[in-house]
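Remarks on the structure that follows.
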Amino acid sequence: MVYNACMTMGVTPKQADLWVGSAGVVGDRLPAGSVFTLLHRDGHRLFPDSLFEDVFEPRGRRSVAPQVVAVVMV
């Protein structure tokens with residue numbers, strides 16, 4: 001029996017909560033010059049989902065969004 005674990009690309013969530021955006025959660029809690037502020041502000045431009053499309057199969061189980069994985073690795 002051959003087990004093929006195909007993974008499709010997960011989608012990056014655009015808003016953490018219906019009523020509170022991620023800016024409301026993070027907001028002024030981070031220092032202006034920190035890498036975390038940079039990733040929060042520009043992570044979607046630095047690691048767009050489209051950059052990782054060729055790594056995933058068109059069908060299969062959904063993975064964690066590539067942007068989330070890339071930001072965690074940084």
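What you see below is based on every heavy atom in this structure, not just the backbone, and it leaves out hydrogens, waters and symmetry mates. No experiment lies behind these values; they were computed from the predicted model shown.
L51 approaches L46 most closely through the heavy-atom pair CD2-O, 4.3 Å. Considering every non-hydrogen atom in both P66 and G10, the closest pair reads CD-O, 3.6 Å. Closest of all the heavy-atom pairs between R41 and H44 is O-CE1, 3.3 Å.
Remark: E53 pairs with M9, S50 by the side-chain contact (heavy atoms from CB on, under 4.5 Å) rule, at least two apart or across chains. With sequence neighbours left out, D42 forms a salt bridge (Lys or Arg N to Asp or Glu O under 4.0 Å) with R45. When the side-chain contact (heavy atoms from CB on, under 4.5 Å) test is applied to T8, the partners found at least two apart in sequence or on another chain are R62.
Atoms CZ and CZ, from R61 and F56 in turn, are 12.5 Å apart once rounded to the nearest 0.5 Å.
Counting only heavy atoms from C-beta outward, the side chains of V69 and F52 never approach each other to under 4.5 Å. Looking at heavy atoms from C-beta onward, F47 lies out of side-chain contact with V68 at the 4.5 angstrom threshold.
Residue pairs meeting the salt bridge (charged side-chain N to carboxylate O under 4.0 Å, His left out) criterion with at least one partner in residues 64-74, sequence neighbours excluded, are absent.
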